[in-house]
**Q** 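Before I ask anything, here is the structure I am working with.
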Amino acid sequence: MRRSIRRRLRNGPIAASRHQRGAASGMDWADELAARVSGAQVINDSKTPSGTVHVGSLRGPVILDVITRALRAAGHETTLLYGVDDLDAMDAQALLTPDAVERSMGVPLAHIPDQVNDGHASYARHHAQTFIDLFANLGIHPDRYYWMSDIYPGGAMDRYIRTALDRAHVVRDIYRRVSNVQHPDTWHPILVICETCGKVGTTIVTKWDGQRVFYECRADLVAWATGCGSSGWVEPFGGRAKLPWNLEWAAQWSLFGVTIEPCGKDLATAGGSRDRSDAIAREVFEREPPINVAYEFLNIGGRKMSTSKGRGAAAHQIVEVIPPDQLRTLFIRPRPNHAIEFDPEGTDAIPRLFDEFDKLADATAGRPVKGEMAPGYASVFRYALRNADADVDAEAAAFRPSFAHLAFLVQVPGADIPTKMADEKGSALDARELAILEERRVAARAWLDAYAPDRARMSVRESVPDEVSTLDDAQRMFLATLADAVNLPAAGGSPIGPAGGDAWQAAIFATAAGLGLPPGRAFAALYVAFLGRSNGPRAGWLLAGLQARFVLDRLRAAAAGGTMGTAGGEP
RNA sequence: GGGCCCGUAGCUCAGCGGCAGAGCAGGGGACUUUUAAUCCUCGUGUCGUGGGUUCGAAUCCCACCGGGCCCUCCA
């Protein structure tokens, strides 16, 4: 039974180049995959919790989820597994994150104490859990999570360890043949956790007697960690040793019966990790490897993301700005073999992501959209939804406020956003729409705090903006006249302003009308005087929220062309 | 050295054998007791280059150029 399934899986990676696909719709890669397989499917992915994970790492889990949904929609019984390779050593890889612990280099990640005192049992648990905690909110629900630090001690890997050691010569041959890596003839594919110093990255096994291995913990085996120099015979079972990554990967496929496993393009390169593991699966564990779905990375500004170099956001931070449906859209819209260019810092990339999602919703709901839709847009929309069981039509039909507009409104003092949105929609927002609004309002604020370009932010300048030099005489006159008009002497002689936004607003219109200045020019003058830009929030309410003395001084300074209030200093 | 991806409008990209397209940005205009917006309008771009196949190539093939990433356990 299983064998017949395997035989059908012998096709290469599905990541077809653009020239190979047919008259495709956008999500065909997932649906085509679902149409190609038969029988029950097991999808797997696993991750080494080396440290803080950046947002690009979520592409893999989202792709897993989309494949799972496509398979289930096609009627295949499907199991989704997600593993944590937490017996891997803290190695050079961890040095690429800000989290590496120098004295623990070479130690299994699961055996390193959590550096953050927030209740996790280990370094590995901390970073893996921080990552995994994002899954549910993104609509990714593996049927089972497994941790290699549980799997090994439970003995489940013992039979694969034995097979690998018995066939060490085959493994060495694969490394040499597939990857041009020449291990010594005494090298054995097992990593003992040193009984003396606890490191796994520094040990090498040179003998296997069928029950025990002889290992040495060498000071200079690797550059990034120093072994303690001890050696001895040990039974490499029950968690006392782990397989090297390529063998562990292949062993996982056998252990869990994996039929589909996507991987990043770094592993999928010719002669790389995936090729080695595929060969090991076939020749050592005698099982056809799972279907591969190779996927490209997420680049920031045309360059690779790097947590350590400050390019790109940590995954757990970006989700505060990009809600699940939109983050899924980011990953799902391009085919897996396309690199994604994404640069949220100081750009409108995030607002445009929302716009694109909204356009997908509009088109799916049958509303008119500007321009043309990419083929397969309805599938993209459906798979982008966090909730796999959502009523797609209802979701598409729901009212969604423009993100950019919302980012503006949240900066307007006293704006009644729900009422404004109801006006825009033409009727009251329902519960779901209010939830979407709230989600976007939070996201908009977070975006303004963390990523937005300055032009999207509105703030009253502390001194007279240079931009007042662009005002014409009529506008200056308006500002001066307004200041005089509202500066009615109070009993004590101190300046007062109109009480409240309505009164300010009325004064603005009255003053402009008195001067014959079109309201638009008058308001523009105010915005320039206070914000340094030609548009802004409702001016009356903006001024009402400021100190009257400040407002009057600024009006007069701006009317004078900025010669008052900015005390020299400029060359 | 090998592998993968990309190269189409300022930017992000779609199109993948049949008249070069969209969004955004930008220009111009309209409206407005206001902001955001909305509406109208404006697109000749060596489709990276050179060959080839074809009645016909941005599209298929070959070579090359440029960019990016990977091949060190990141995805």
Side-chain angles (χ1 to χ4, degrees), chain A residues 13 15 17-24 26 45 47-48 50-51 53-54 56-61 63 85 88-89 91-94 96-97 179-181 201 222-224 244-246 248-249 262-275 294-299 302-308 333-343 347-349 351-353 355-356 359 369-375 377 402 404-409 411-412 415 420 424 458 505-506 508-510 512-513 518-524 526-527 531 534-542:
Chain A
S17 84
R18 63 180 188 168
H19 300 305
Q20 292 172 293
R21 45 176 222 280
D45 193 9
K47 176 147 186 64
T48 301
S50 299
V53 176
H54 61 64
S57 301
L58 287 168
R59 189 174 193 181
I63 284 175
D85 301 320
D88 291 4
D91 59 12
Q93 194 51 53
L96 297 179
T97 77
S179 299
N180 202 27
V181 171
V222 293
W224 37 269
W245 163 240
N246 287 122
E248 186 171 293
W249 202 4
C263 73
K265 69 95 157 283
D266 58 326
L267 303 177
T269 195
S273 213
R274 182 67 180 232
D275 280 356
Y295 55 94
E296 265 278 0
F297 295 150
L298 178 71
N299 296 324
R303 317 247 339 150
K304 165 188 179 176
M305 264 203 174
S306 166
T307 316
S308 62
R333 183 190 36 182
R335 279 170 293 281
N337 62 334
H338 276 54
I340 300 172
E341 295 293 336
F342 187 65
D343 189 2
T347 71
D348 60 354
R352 278 166 56 178
L353 184 57
D355 290 346
E356 206 154 334
K359 193 170 166 184
V369 294
K370 279 197 278 187
E372 300 163 1
M373 296 303 297
Y377 63 85
S402 151
H405 189 189
L406 205 50
F408 174 85
L409 288 177
Q411 298 179 82
V412 176
K420 185 118 185 135
E424 240 176 64
M458 249 167 299
Q505 201 76 349
I508 293 166
F509 277 110
R521 307 260 315 283
F523 280 96
L526 288 171
Y527 296 129
L531 307 176
S534 60
N535 58 37
R538 291 166 69 85
W541 286 264
L542 173 69

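Below, chains carry the letters A, B, ... as their sequence lines are ordered, and counting in each starts from 1. The analysis underlying the following values was restricted to heavy atoms, covering all of them including side chains, and did not include hydrogens, waters or symmetry mates.
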**Q** What integer distance in Å separates A/R352:CZ from B/A25:C1'?
**A** 8 Å
**Q** Taking N and O atoms by type only, does the side chain of A/K265 place a donor or acceptor under 3.5 Å from a partner on the base of B/C70?
**A** no
**Q** For the residue pair A/C263 and A/R274, what are the closest heavy atoms and their distance?
**A** SG-NH1, 3.9 Å
**Q** Without decimals, in angstroms, what is the distance between A/D355 CG and B/C13 C1'?
**A** 15 Å
**Q** I need the CZ-P distance between A/F342 and B/C5, as an integer number of Å.
**A** 24 Å
**Q** Rounded to the nearest Å, what distance is computed from the CG atom of residue A/D88 to the P atom of nucleotide B/U72?
**A** 16 Å
**Q** Expressed in whole Å, how much space separates the P atoms belonging to B/C40 and B/C31?
**A** 15 Å
**Q** Between B/C69 and B/C13, how far apart are the two P atoms, rounded to whole Å?
**A** 15 Å
**Q** Go ahead and name the base partner of B/C69; Watson-Crick or wobble counts if both distances stay under 3.5 Å, otherwise write none.
**A** B/G3
**Q** Distance between the P atoms of B/G10 and B/C5, in whole angstroms?
**A** 27 Å
**Q** Any chance the side chains of A/S402 and A/D355 put a donor and an acceptor closer than 3.5 Å?
**A** no
**Q** Can you tell me the distance, in whole Å, between the CG atom of A/D348 and the P atom of B/G23?
**A** 15 Å
**Q** Using both distances under 3.5 Å as the test, list the Watson-Crick or G-U wobble partner of B/U44, or none.
**A** none
**Q** Which whole number of Å gives the distance between the C1' atom of B/C62 and that of B/C19?
**A** 28 Å
**Q** What is the distance, rounded to the nearest whole Å, between atom CD of A/E356 and atom C1' of B/A14?
**A** 10 Å
**Q** Which residue lies toward the 5' end of RNA chain B, A/C263 or A/S179, if each is placed at its nearest nucleotide?
**A** A/S179
**Q** Considering non-hydrogen atoms only, spot the tightest contact between A/P334 and A/I340 and give its length.
**A** CG-CG1, 3.7 Å
**Q** Can you tell me, in whole Å, how much space there is between the C1' of B/U41 and that of B/C64?
**A** 43 Å
**Q** Between A/A268 and A/G271, which is nearer to the 5' end of RNA chain B once each is assigned its nearest nucleotide?
**A** A/A268
**Q** Contact between A/L526 and A/I508 at the side-chain level, heavy atoms closer than 4.5 Å - yes or no?
**A** yes
**Q** Considering only atom P, compute the distance from B/U44 to B/A20 and round it to an integer number of Å.
**A** 12 Å
**Q** Once you apply the 3.5 Å cut-off to both distances, tell me the Watson-Crick or G-U wobble partner of B/C24, or none.
**A** B/G10
**Q** Measure CD1/A/I340 against C1'/B/C13 and give the value in whole Å, please.
**A** 13 Å
**Q** Say you pick atom C1' in B/A37 and the same atom in B/G3; how far apart are they, in whole Å?
**A** 50 Å
**Q** Taking only the side-chain heavy atoms of A/R335 (C-beta and beyond), determine which of B/G15, B/C5, B/C73 contains the nearest atom.
**A** B/G15
**Q** Decide yes or no for A/R59 and A/E296: does some side-chain heavy atom of the first lie under 4.5 Å from some side-chain heavy atom of the second?
**A** yes
**Q** Provide the distance between the two C1' atoms, one in B/C60 and one in B/C16, to the nearest whole Å.
**A** 9 Å
**Q** May I have the distance from A/H338 (atom NE2) to B/G68 (atom C1'), rounded to whole angstrom?
**A** 14 Å
